[in-house]
Enquirer: 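Sharing a structure here in structure tokens format.
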Amino acid sequence: MNTGLDAFAQAAAPETPRGPRLTAVSPGWVGEALERLGRDPSAGAPAAELTRT
């Protein structure tokens, strides 16, 4: 998880006006990254799928 981004979202959320919401999302492992690390890529999500999401 990107700790800095998560901390920003938590700190800024109470400061935003009513309406907008801040949410930090961590997709987990990317399949192609696992493959480059020599691990089973099926344990991660494909990069193309994460990009569309």
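Position 1 is the first residue of the sequence; numbering continues from there. Because the structure is a prediction, the values reported are computed rather than measured.
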Enquirer: Please report, to 0.1 Å, the donor-acceptor pairs under 3.5 Å made by any side chain of residues 9-17, with sequence neighbours excluded.
Expert:
{"residue": "Q10", "atom": "NE2", "partner": "D6", "partner atom": "OD2", "Å": "3.3"}
{"residue": "T16", "atom": "OG1", "partner": "A13", "partner atom": "O", "Å": "2.9"}

Enquirer: Take L37 and W29, measure what side-chain contact (heavy atoms from CB on, under 4.5 Å) needs, and give me the verdict at the end.
Expert: CA-CA 11 Å; L37 293 170; W29 282 99; 3.7 Å; yes
Enquirer: Are more than 12 heavy atoms from other residues, nucleotides or ligands located less than 6.0 Å from atom CD of E32?
Expert: yes
Enquirer: Taking only residues two or more places apart in sequence or in another chain, which ones pass side-chain contact (heavy atoms from CB on, under 4.5 Å) with A7?
Expert: none
Enquirer: What are the two closest non-hydrogen atoms of L34 and P41, and how far apart are they?
Expert: CB-CA, 4.1 Å
